[in-house]
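Letters A, B, ... mirror the listed sequences (proteins, then strands); counts begin at 1. What you see is a predicted model, and the numbers here were worked out from it, not measured in a lab.
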There are 2 protein chains.
Amino acid sequence: MPDSPWQPPRILLAVDLVILTLREARLHILLVERGIAPFLGALALPGGFLHDEHEDIEAAARRELSEEAGLSDVHLEPLAVYGEPDRDPRGRVVSVAYLAVAPRLPEPVAGTDAAGASWMPVEDALAPGTELAFDHRRIIVDGVERARAKLEHTALATAFCAETFTISELQQVYEAVWDVRLDPRNFYRKVQGAHGFIVADGPMRKTPNGRPARLFRAGPVHVLNPPMTRP
Amino acid sequence: MPDSPWQPPRILLAVDLVILTLREARLHILLVERGIAPFLGALALPGGFLHDEHEDIEAAARRELSEEAGLSDVHLEPLAVYGEPDRDPRGRVVSVAYLAVAPRLPEPVAGTDAAGASWMPVEDALAPGTELAFDHRRIIVDGVERARAKLEHTALATAFCAETFTISELQQVYEAVWDVRLDPRNFYRKVQGAHGFIVADGPMRKTPNGRPARLFRAGPVHVLNPPMTRP
DNA sequence: AAAATAGTGTCTATAAGACACTATCAT
DNA sequence: ATGATAGTGTCTTATAGACACTATTTT
């Protein structure tokens with residue numbers, strides 16, 4: 001008697017989000033505390049399963065971004081796929097990870113699903129003592145490394161800033177993500193030399209302390225030329 | 001009465017392979033002609049569905065590499081995920097694309113599943129007149145762009161070469177993938193200056209025409225420092 | 001010898017980092 | 001005035017490309 005015809009297996013598809021922002025000049029990531037097994041109580045990336053068979057994957061990522069983090073209109077890009085057969089003890093789950101970058105914002109909105117989410121310095125999140133669910137440590141490492149690399153030759157840094165920003169605020173982004181100190185004077189000329197990276201936003205000014213700085217906004221160019229080289 | 005509890009949807013997972021090599025100093029890609037609908041008769045990337053629920057995704061890519069292309073032991077790395085809801089008319093299929101780079105090889109082995117596969121210049125594959133299945137044109141573009149970018153700061157170029165190679169062979173890789181002409185003398189010094197990129201393979205020699213060249217093999221370093229900059 | 005490719009040396013234009021200096025604010 | 005940050009100018013050094021030149025082979 002003939003075998004029943006071979007059918008490809010069906011698997012579960014999840015999205016996970018590495019959401020980065022800057023707080024107090026340090027790189028932070030948004031993590032949620034898991035309320036159910038497995039990894040109950042451990043920290044995890046915001047994310048979840050595809051809602052239905054026809055949902056677009058990036059749309060699912062934006063939905064989770066909104067539901068779990070209360071964020072919209074932030075930079076979002078595919079990061080990688082994580083599909084090890086045993087990465088989820090409940091069964092075969094393939095996850096598409098996204099990298100999101102948000103400007104400086106207040107705490108995750110309490111009273112929403114985002115209430116369980118909190119910003120944590122990336123350094124702490126990756127410290128040996130921090131218990132992270134699934135393979136999320138690896139995903140965070142990959143996401144941070146992606147951000148570091150993209151700062152070099154794309155305008156990603158502006159996604160960490162508000163609509164308008166000063167050059168020294170932009171410098172803080174580079175210093176926090178790369179974890180280095182940069183010379184403000186050379187940084188100033190370098191960032192100005194990358195055509196279309198940033199454009200002046202009127203002769204407006206601002207006053208933290210010291211001479212007021214000119215305000216800029218993200219320019220039309222997303223690929224930096226020349227690139228910002230890491231020391 | 002209560003709704004039945006929500007269950008996440010299950011989807012089909014495929015792998016697709018962008019397999020690049022060098023033939024006659026031009027960048028080629030391995031394509032198969034589809035023998036079944038949809039896109040019957042169109043060219044497509046080698047690939048297929050996950051075999052069973054427990055198969056590792058990269059293992060599936062290597063399996064297809066062997067079954068459809070007769071290749072083993074070649075460079076293989078994840079490229080991206082393609083999951084548009086309507087990318088496959090048969091239903092929801094999410095594909096994980098891989099980039100493979102093979103050294104110069106004879107034709108795909110006839111008499112195997114690879115018989116239907118053939119090497120084609122990338123330029124021809126991407127020409128407007130070429131009919132490609134699914135979203136494979138986009139995947140090829142992404143794969144080639146990935147190769148171009150990785151040549152700059154990794155040792156990927158050596159994956160296009162045999163075990164040992166001359167510096168001018170390595171230069172041909174860069175010229176074909178980047179589609180530029182490079183000065184052999186500056187290339188020579190530059191490639192030598194990237195520590196650990198290539199190492200001499202004895203004082204051996206070789207004879208195409210002109211002075212014999214020294215032979216090298218891939219060095220231990222995979223991240224180039226300084227990088228090979230594109231003109 | 002001529003042609004061809006391998007390999008070395010050197011010059012020049014440019015870019016990157018160090019850092020002195022000026023400008024404009026708060027106190 | 002002092003301190004702080006913004007912004008400009010300049011010098012030095014490292015690097016990328018142009019290209020002359022030597023070396024070693026085949027025909």
Side-chain angles (χ1 to χ4, degrees), chain A residues 24-25 151-153 157 161-162 164-176 178-217 223-231, chain B residues 22 24-25 151-153 157 161-162 164-176 178-195 197-217 223-231:
Chain A
E24 293 128 33
L151 246 50
E152 287 198 83
H153 38 262
C161 299
T164 63
F165 50 86
T166 66
I167 289 186
S168 88
E169 283 167 354
L170 193 60
Q171 181 179 342
Q172 283 182 29
V173 174
Y174 278 89
E175 292 187 328
W178 283 351
D179 193 23
V180 294
R181 299 285 302 174
L182 301 172
D183 182 295
R185 299 155 302 187
N186 291 335
F187 182 85
Y188 192 98
R189 270 185 296 100
K190 205 175 207 171
V191 81
Q192 292 277 48
H195 303 307
F197 183 10
I198 59 173
V199 298
D201 184 65
M204 312 288 287
R205 316 213 149 200
K206 216 187 151 188
T207 64
N209 180 15
R211 172 174 171 177
R214 289 156 62 190
L215 286 175
F216 295 83
R217 60 176 61 241
V223 177
L224 300 186
N225 184 4
M228 304 289 291
T229 50
R230 225 187 303 195
Chain B
L22 220 67
E24 293 127 34
L151 246 50
E152 288 197 83
H153 39 262
C161 298
T164 63
F165 49 86
T166 67
I167 288 186
S168 89
E169 283 168 352
L170 193 61
Q171 180 179 342
Q172 283 182 28
V173 173
Y174 278 89
E175 292 187 329
W178 284 350
D179 194 23
V180 295
R181 298 286 300 174
L182 302 172
D183 183 297
R185 301 157 297 188
N186 291 335
F187 182 85
Y188 193 96
R189 269 186 298 101
K190 205 176 207 170
V191 80
Q192 293 276 49
H195 302 309
F197 183 9
I198 58 173
V199 296
D201 185 65
M204 312 288 286
R205 316 212 146 201
K206 218 186 149 189
T207 65
N209 182 14
R211 170 175 173 176
R214 289 154 65 189
L215 286 176
F216 295 84
R217 62 177 61 242
V223 177
L224 300 187
N225 183 7
M228 304 290 291
T229 51
R230 228 188 298 199

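- Ring geometry for His153(A) against His153(B) counts as parallel: the plane angle stays under 30°, on a 0 to 90° scale with 60° as the upper cut.
- When rounded to the nearest whole Å, the span between CG of Leu215(A) and P of dC25(C) equals 14 Å.
- Summarising the geometry, the separation between CG on Asp183(B) and C1' on dT10(C) is reported as 14 Å, rounded to the nearest angstrom.
- Summarising the geometry, the separation between CZ on Arg181(A) and C1' on dA18(C) is reported as 16 Å, rounded to the nearest angstrom.
- For Phe216(A) and dA6(D), the CZ to P distance is 11 Å, given to the nearest whole Å.
- If you check dA6(D), dA6(C), dC19(C) against the side chain of Arg189(A), the one that comes closest is dC19(C).
- Comparing Glu169(B) and Pro212(A) along DNA chain C, the residue whose closest nucleotide (by nearest heavy atom) sits nearer the 5' end is Glu169(B).
- Within the 4.0 angstrom heavy-atom criterion, only backbone atoms of the sugar-phosphate kind lie near Ser168(A); the bases stay farther away.
- One interatomic measurement links the two molecules: CD1 of Ile167(A) to P of dA23(C), which rounds to 19 Å at whole-angstrom precision.
- Looking at which nucleotide of DNA chain D each of Pro227(B) and Arg185(B) is closest to, the 5′-most match is held by Pro227(B).
- For Arg214(B) and dT8(C), the CZ to C1' distance is 11 Å, given to the nearest whole Å.
- Summarising the geometry, the separation between CG on Asn186(A) and C1' on dT14(C) is reported as 16 Å, rounded to the nearest angstrom.
- For the pair Lys190(B) and dG17(D), the criterion of a side-chain N or O lying under 4.0 Å from OP1 or OP2 is met.
- Contacts of Asn209(A) with the nucleic acid, taken as non-hydrogen atoms under 4.0 Å apart, involve only primed sugar atoms and P, OP1 or OP2.
- For the pair Gln192(B)/Ile167(B), a side-chain contact is recorded, criterion being any heavy-atom separation below 4.5 Å from C-beta on.
- Nearest-nucleotide positions on DNA chain D place Arg230(B) closer to the 5' end than the other of Arg211(B) and Arg230(B).
- At most 12 heavy atoms of other shown residues, nucleotides or ligands fall within 6.0 angstrom of atom CG in Asp179(B).
- A distance of 9.5 Å separates NZ of Lys190(A) from OH of Tyr174(A), quoted to the nearest 0.5 Å.
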(request) Evaluate the side chain to side chain contact (heavy atoms under 4.5 Å, CB included) criterion for residues Trp178(B) and Met228(B): first the C-alpha distance (whole Å), next the side-chain angles of each, then the deciding distance (0.1 Å), finally the verdict. (result) CA-CA 12 Å; Trp178(B) 284 350; Met228(B) 304 290 291; 4.2 Å; yes

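- For the pair Gln192(B) CD and dA16(D) P, the interatomic distance rounds to 15 Å; values are reported in whole Å.
- Contact check, Tyr188(A) against dT8(D): a side-chain N or O comes under 4.0 Å of OP1 or OP2.
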